[in-house]
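The structure under discussion appears below in the form of structure tokens.
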Amino acid sequence: MAIRVRFAPSPTGLPHVGVIRTAIFDWLLARHYHGQFILRIEDTDRSRYVEGAVEEIIGALKWLGMDIDEGPGQIGGDHGPYFQSKRLSLYHRYADYLVESGKAYWCDCSAERLDELRASQEAAKQDIRYDNLCRELALEGSPGDGKHVLRFKIPEGGTTTFHDELRGDITVENATLDDLVLIKRDGFPTYHFACCIDDHHMAISHVLRGEEWIPSAPKHQLIYEAIGAEPPKFVHVPVILGPDKKKLSKRHGATNVLEYKNMGYLPEALFNFLALIGWNPGDDEEILPREELVEKFSVERINTSAGVFDIEKLDWMNGAYIRAMDTGELTSRLKPFMAEWGWIDGNWEPWGEDYVESVVELMKERMNRLTELREKAGFFFEDFDGFDPADVKKSFRGDDILSRLRMVRDALANCDFSLTALESAVRGTADALEVGAGKIIHPVRLAASGVTAGPGLFEMLELLGKDRVLARIDKAIAWVEAQ
Ligand code: GLU
């Protein structure tokens, strides 16, 4: 069987983490079986359409490295168009067929009538459902006539069973199902109708979608039967929860995948992280680069219980990807951030690519997010004024601080700034003053970098270079003198 998996977002907002996690499962399944990954835009709800959402969704897929085999615009494919809004005539043909075969009917119940019906059902604590008033009236209508909706005739009595790949057969009483709308007053299909027709016409083999669609699946089963089509395999994937076990929402932090880009996460890491929410490879391994995920992915290992979005784990994982990445590559990923912070221009000036790369090499052990570099490595690119009082208390402590700073300044002035020379200048000063090395190392670090934590001191001094280090120590001496 050809494996064809579609990702079918509605362009109603930004690319949500949960939606993109489903897309990752879709993509992994397609790639695992050398099948097709199809993007279909479900834009039939015109009132919820958000301008720019399609571009954002495609941008998120692209950023995460998910290539699309068939989809809108330039991508193409034999089963288009890939916007549902451009497939209306297909849905209307099926609408005609269902009316002619007595499986659907036109309904002209007004919104007011349906509101009243709902209110009375609510008051009587009954299930909210259409009361089938128009079912036997044989009203004349046509798609988009502005007066009628088309409703599906749910069979009276009996049960409907659909198969979920993770949960097995699920059976419901038909009496619990509503005569659902297939075509709305504006002539656009509902999600239920359009997705069944499209999944059939696009020869989709597997439908992976959020478990909130389980209650709709029996209706879809009935629609497939009514149009004489074989349903695809259904896989309902679990929701993503925040650490407090509530459904992931803005309260927990960013929900738009592209925000993670701005926050300094690598797409490789976010992809790996999201793939492990609600799925696991069956062992304890967590760092699974894309190729390994493709190799190991299987629908059977998707969980039926909810997964948790743990940002601390994402930070850890991102750090692991940063450390494993080639420094040159990492530097080019950091380039846009550094340009935004005003450290470099598009040509790495004024520092030059080699210098920037050396900074990254020194710092890559010390960051989990790309954006952390701004705080941690700013002193490599910018001068600073003054010191944090807490840092002063820690590193410029003791009455003899000025003499220690002056001594080490002289020693550094007389050294060639090779790593060994720097080390002996610093340690030699400590020995000469008969103090512990820390009494020299900590003040020099604070004077040269403006902060108390950072990379190895000697590597840092070497990279800053003699002129800057001496100038900064002079400035620190003047600052301490002025206190
Ligand atoms: N357009 C639906 C949504 O965004 C897709 C559900 C499905 O994949 O069938 O929820």
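Ligands are counted one by one from 1 in listed order, and the atoms in each one are counted from 1 as well. Not measured: the values here are computed from a predicted model. Just so you know, residue 1 is the first one in the sequence shown, and it goes up from there.
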In a table with atom names and distances, give each donor-acceptor pair under 3.5 Å that connects a side chain of residues 293-307 to protein atoms at least two apart or in another chain.
unit_1, atom_1, unit_2, atom_2, d
R301, NE, N280, O, 3.0
R301, NE, N280, OD1, 3.3
R301, NH2, N280, OD1, 3.1

C195 N/O under 3.5 Å from ligand 1 N/O: no
Closest protein heavy atom to atom 3 (C) of ligand 1, given as residue, atom name and distance to 0.1 Å: S10 OG, 3.7 Å
contact_flag E212 ligand 1 heavy-atom lt 4.0 Å: no
In terms of residue, atom name and distance, what is the protein heavy atom nearest to atom 8 (O) of ligand 1? R6 NH1, 2.8 Å
Where ligand 1 meets E42 - atom numbers and elements under 4.0 angstrom, heavy-atom basis: 1 (N), 2 (C), 5 (C)
Check the side chains of W348 and D354 for a donor-acceptor pair under 3.5 angstrom, ignoring hydrogens and angles. no
When you measure from atom 5 (C) of ligand 1 to every protein heavy atom, which one gives the shortest distance, and what is it? A8 O, 3.1 Å
Below 4.0 angstrom from a heavy atom of R209, which ligand 1 atoms are there? Numbered from 1 as shown, please. 7 (C), 8 (O), 9 (O)
Looking only at protein heavy atoms, identify the closest one to atom 9 (O) of ligand 1 and say how far it is in Å. Y191 OH, 2.5 Å
Under-4.0 Å heavy-atom contact with ligand 1, by part of F7 that carries it: neither
Parallel, tilted or perpendicular, as decided by the 30° and 60° cut-offs, for the rings of F193 and Y91: tilted
Heavy-atom side-chain proximity of D199 to R40 below 4.5 angstrom: yes
If only atom types and distance count, is the side chain of Y321 paired as donor or acceptor with the main-chain N or O of N272 below 3.5 Å? no
Does either side chain, that of H92 or that of Y97, offer a donor lying less than 3.5 Å from an acceptor on the other one? no
Would you call E372-R366 a salt bridge at under 4.0 Å N-O? no
